[in-house]
Amino acid sequence: QVQLVESGGGLVQTGGSLRLSCAASGSIVSINVMGWFRQAPGKQRELVATIISGGSINYRDSVKGRFTISMDNDKNTVYLQMNSLKPEDTAVYYCYGNVKWYGSSRYSDYWGQGTQVTVSS
């Protein structure tokens, strides 16, 4: 089917930057949406940013102006450039994809395994 593999998490100081990557692989026919969610300890998973195949982008308010989502359609890879990181950005970041694969007639949701981002104060 489809696998999403993330990379790029780590530990950074306040004000620092990190770049997350997520590559979708498998028998992919089409990608509708890709994006990033995050989940901090004791909190619900929340949307960070999404990018739709037509190019429309959405960010949660708290990351606007600091995070940038982009996608390489040839590589089926989505990126999240995170600048001016704050301690409140600390969370496990999950890649999300709404993807159609060969053998399926519809789009389905897929998730990566998660990558830890820790911002120290």
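Counting only residues at least two apart or on different chains, the disulfide bond (SG atoms under 2.5 Å apart) pairs with a member in residues 6-88 are C22-C95.
One distance of note links CD of E46 with CH2 of W36; it measures 15.0 Å at 0.5 Å rounding. For the atom pair OH (Y79) and OG (S7), the distance works out to 9.0 Å, reported to the nearest 0.5 Å. The CD1 atom of I51 lies 8.5 Å from the OG atom of S56; values are rounded to the nearest 0.5 Å. Atom NZ of K64 is separated from atom CG of N58 by 7.0 Å, given to the nearest 0.5 angstrom. Distance check: T118 OG1 to L11 CG gives 6.0 Å after rounding to the nearest 0.5 Å.
With hydrogens and angles disregarded, no donor-acceptor distance shorter than 3.5 Å links the side chain of Q81 to the backbone of R19. Of the possible polar contacts, one joining the R60 side chain to the L47 backbone as a donor-acceptor pair under 3.5 Å is found. Looking at Q1, its side chain never comes within 3.5 Å of a backbone N or O of G26 through a donor-acceptor pair.
Heavy atoms only, all atoms of each residue included: I28 and I31 are closest at CG2-CG1, 4.0 Å. The shortest non-hydrogen separation linking N83 to S17 is OD1-OG, 2.9 Å. For Y93 against R38, the heavy-atom pair with the smallest separation is OH-NH1, 3.0 Å. Of all the heavy atoms in A40 and A91, the pair that sits closest is N-CB, 3.8 Å.
Under the 4.5 Å side-chain heavy-atom criterion for ILVMFWY residues, a single connected hydrophobic cluster contains both I57 and F67. Two different hydrophobic clusters hold V5 and Y96 under the rule that ILVMFWY side chains link at heavy-atom gaps under 4.5 Å. One hydrophobic cluster, built from ILVMFWY side chains closer than 4.5 Å, holds both L80 and Y110. Follow the hydrophobic side-chain contacts under 4.5 Å out from V63 and you reach V12 in the same cluster.
With sequence neighbours excluded, the residues satisfying side-chain contact (heavy atoms from CB on, under 4.5 Å) with S30 are Y107. Listed by chain and number, the residues in a side-chain contact (heavy atoms from CB on, under 4.5 Å) with V92 are Y94, Q116 (sequence neighbours excluded).
With respect to the salt-bridge test (charged N to carboxylate O, under 4.0 angstrom), the residues K86 and D89 do not qualify.
Classification of the W111-F37 ring pair by plane angle, with boundaries at 30° and 60°, yields perpendicular.
Contact annotation: the side chain of L20 never approaches that of E6 to less than 4.5 Å [non-hydrogen atoms, C-beta and beyond].
Partner M34 forms a side-chain contact (heavy atoms from CB on, under 4.5 Å) with one of I69, L4, I52 and no other, that one being L4.
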